[in-house]
Trainee: 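Handing you this structure, nothing more for now.
What's counted below: heavy atoms across the whole structure, side chains too, no hydrogens, waters or symmetry copies. What you are looking at is a predicted structure, and each value in this text was computed from that prediction instead of being measured.
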Amino acid sequence: MFPDNGLAIELFGSHHANLARLEKDLDVQLHARGNEVTVTGTADAVEAACDALDGLYARLESGLSVEMPDVEAAIRLSKNPGGNGATQEMAVHTRKRVISPRSATQAEYLKAIDDVELVFGQGPAGTGKTYLAVAKAVERLVNGDVDRIILSRPAVEAGEQLGFLPGDMREKVDPYLRPLYDALFDMLPEQQVVKRLESGEIEVAPLAFMRGRTLSNAFVILDEAQNTTAVQMKMFLTRLGEHSRMVITGDLSQVDLPRGVRSGLRDSMDILHGVSGVRFITFDEADVVRHPLVTRIVHAYSEADARRRTGERYEQDEALNEPGNGHDT
């Protein structure tokens with residue numbers, strides 16, 4: 001039973017749409033009467049449904065709304081014991097909104113950013129790696145925990161062709177940094193973003209502009225890190241100064257470097273594994289929080305990549321077994 005009838009109505013959704021989604025995804029039956037819900041199903045399914053409902057109701061009690069993406073998030077989190085409780089503890093507060101993790105991995109990611117100085121977030125698009133990192137950066141800046149935010153990306157496609165693009169240097173590189181600006185405008189009022197950009201409290205710059213700097217009292221984010229080289233990654237990591245936090249995000253399935261060039265993200269993950277003060281968080285398709293079709297697209301590509309790798313191994317084995325390759329005929 002939910003104490004507040006008004007909140008219970010919001011929880012159930014228009015025409016009980018939220019309850020219908022819980023029923024479908026958690027394989028339970030929900031019967032609502034007034035402010036009470038009866039849940040029927042297996043013990044594990046009932047527990048998951050109750051956890052999801054409790055988490056959504058707590059969200060409403062805190063003054064936040066419940067939309068279908070929030071229901072989907074509660075369903076994902078309910079599959080981990082106590083997952084929905086973690087969303088309230090790990091919520092990020094910015095000037096425009098309160099952002100809660102929508103998967104157990106997102107909650108782990110936010111906790112890692114609080115706990116250690118350097119966090120790597122690796123996984124497919126749509127898992128919130130960059131968005132949550134920017135949210136944490138804005139929260140820390142607003143609270144006075146850091147003096148500035150540094151957001152960076154490698155402009156891989158620009159490279160040697162940068163001179164052929166129209167405009168000055170900022171106009172040439174801005175298209176590669178646009179996603180970072182979009183995230184900022186989602187967290188802060190537009191006037192504040194513009195003012196902080198002008199004052200230098202927020203800096204959005206391509207990776208090449210980081211060389212030779214020491215970034216102290218800052219929250220530093222490197223996005224699309226799979227497109228850095230090993231040398232670039234080492235250069236960036238060694239910019240970390242006193243009282244700073246650094247988050248590195250990327251997707252190793254979308255490397256745009258020339259063939260044969262090792263990704264700096266892959267290189268650093270191998271080298272820094274086990275180093276104190278560094279945390280690695282790996283997202284997968286289950287953490288995709290965009291349109292449900294995006295999850296299915298990511299899954300389809302993952303399966304295709306697995307088949308391709310299997311096929312390549314098969315062809316290599318066949319080649320080794322051909323006459324003249326050192327095997328008996």
Side-chain angles (χ1 to χ4, degrees), residues 1-93 97-111 123-129 131-132 135 186 281-300 302:
M1 183 174 73
F2 300 101
D4 189 312
N5 286 350
L7 294 183
I9 292 172
E10 289 186 60
L11 173 64
F12 301 160
S14 177
H15 304 293
H16 289 186
N18 296 344
L19 298 184
R21 186 57 181 267
L22 289 167
E23 285 184 321
K24 178 183 175 183
D25 286 14
L26 295 177
D27 194 23
V28 293
Q29 292 78 49
L30 303 176
H31 179 70
R33 174 177 296 194
N35 60 346
E36 296 184 0
V37 178
T38 302
V39 186
T40 306
T42 65
D44 288 345
V46 168
E47 183 179 357
C50 289
D51 184 51
L53 287 167
D54 287 342
L56 292 169
Y57 187 78
R59 180 178 174 86
L60 290 167
E61 283 187 313
S62 68
L64 301 174
S65 63
V66 167
E67 307 293 340
M68 192 54 70
D70 303 308
V71 177
E72 294 165 357
I75 291 169
R76 281 192 295 271
L77 289 161
S78 70
K79 296 173 183 178
N80 296 273
N84 278 284
T87 65
Q88 302 304 315
E89 297 174 11
M90 299 310 303
V92 183
H93 298 262
R97 61 182 60 202
V98 177
I99 300 156
S100 300
R102 292 186 170 181
S103 73
T105 307
Q106 286 193 352
E108 182 185 3
Y109 182 55
L110 291 174
K111 186 175 188 305
T127 51
K129 305 181 299 295
Y131 191 83
L132 290 175
D186 216 22
I281 306 297
T282 300
F283 296 83
D284 60 29
E285 60 196 48
D287 299 302
V288 174
V289 294
R290 292 181 183 170
H291 191 286
L293 179 57
V294 175
T295 304
R296 297 195 292 274
I297 290 171
V298 171
H299 179 69
S302 296

Trainee: Once you round to the nearest 0.5 Å, how far does CG of Leu26 lie from CZ of Arg21?
Mentor: 10.0 Å

Trainee: Hey, mind stepping through Val98 and Val92 against side chain to side chain contact (heavy atoms under 4.5 Å, CB included) and telling me if it holds?
Mentor: CA-CA 6 Å; Val98 177; Val92 183; over 6 Å; no

Trainee: Hey, could you give me the CG/CD distance between Leu77 and Glu72, rounded to the nearest 0.5 Å?
Mentor: 12.0 Å

Trainee: Could you tell me whether the side chain of Glu23 and the main chain of Gln29 form a donor-acceptor pair under 3.5 Å?
Mentor: no

Trainee: So, does Asn35 use its side chain to make a donor-acceptor pair with the main chain of Phe2 at under 3.5 Å?
Mentor: yes

Trainee: Once rounded to the nearest 0.5 Å, what's the spacing between atom CZ of Arg59 and atom CG of Asp54?
Mentor: 15.0 Å

Trainee: What closest approach, in Å, do Ala32 and His16 show between heavy atoms, and which atom pair accounts for it?
Mentor: CB-CE1, 3.6 Å

Trainee: Within a strict 4.5 Å, meaning less than it, do heavy atoms of the Val46 and Thr40 side chains meet?
Mentor: no

Trainee: Testing the basics here: between Ala52 and Ala74, what is the closest heavy-atom pair and its distance to 0.1 Å?
Mentor: CB-O, 3.9 Å

Trainee: Taking all heavy atoms of Leu30 and all of Leu19, pick out the closest pair and write down the distance.
Mentor: CD1-O, 3.5 Å

Trainee: Just verifying a value: how many Å separate Leu132 CG and Thr127 OG1, rounded to the nearest 0.5 Å?
Mentor: 8.5 Å

Trainee: Any donor and acceptor pair, going by atom type alone, linking the side chain of Asp287 with main-chain N or O of Asp284 inside 3.5 Å?
Mentor: yes

Trainee: CG/Asp27 to OG1/Thr42 distance, rounded to the nearest 0.5 angstrom?
Mentor: 7.0 Å

Trainee: For Asp186, give me all partners under salt bridge (Lys or Arg N to Asp or Glu O under 4.0 Å), at least two apart in sequence or on another chain.
Mentor: Arg97

Trainee: Evaluate the side chain to side chain contact (heavy atoms under 4.5 Å, CB included) criterion for residues Val37 and Phe12: first the C-alpha distance (whole Å), next the side-chain angles of each, then the deciding distance (0.1 Å), finally the verdict.
Mentor: CA-CA 9 Å; Val37 178; Phe12 301 160; 3.2 Å; yes

Trainee: Report the C-alpha distance between Val66 and Tyr57 in whole Å, list the side-chain angles of each, state the deciding distance to 0.1 Å, and finish with yes or no for side chain to side chain contact (heavy atoms under 4.5 Å, CB included).
Mentor: CA-CA 9 Å; Val66 167; Tyr57 187 78; over 6 Å; no

Trainee: For residues Ala91 and Ser100, report the shortest heavy-atom separation together with the two atoms involved.
Mentor: CB-OG, 3.8 Å

Trainee: Say you draw a straight line from CG of Leu7 to CG of Leu60; how long is it, rounded to the nearest 0.5 Å?
Mentor: 5.5 Å

Trainee: Any sub-3.5 Å donor-acceptor pair from Lys129's side-chain atoms to Pro124's backbone N or O?
Mentor: yes

Trainee: Which pair of non-hydrogen atoms, one from Asp70 and one from Ser65, has the smallest distance, and what is that distance?
Mentor: OD2-O, 3.6 Å

Trainee: Where is the tightest heavy-atom contact between Arg76 and Arg102, given as atom of each residue plus distance?
Mentor: NE-O, 2.8 Å

Trainee: Under a plain distance cut-off of 3.5 Å, with no hydrogens placed, do Asp51 and Ser78 share a side-chain donor-acceptor pair?
Mentor: no

Trainee: I need the single residue from Ile75, Leu11, Asn18, Leu64 that forms a side-chain contact (heavy atoms from CB on, under 4.5 Å) with Leu56. Which is it?
Mentor: Leu11

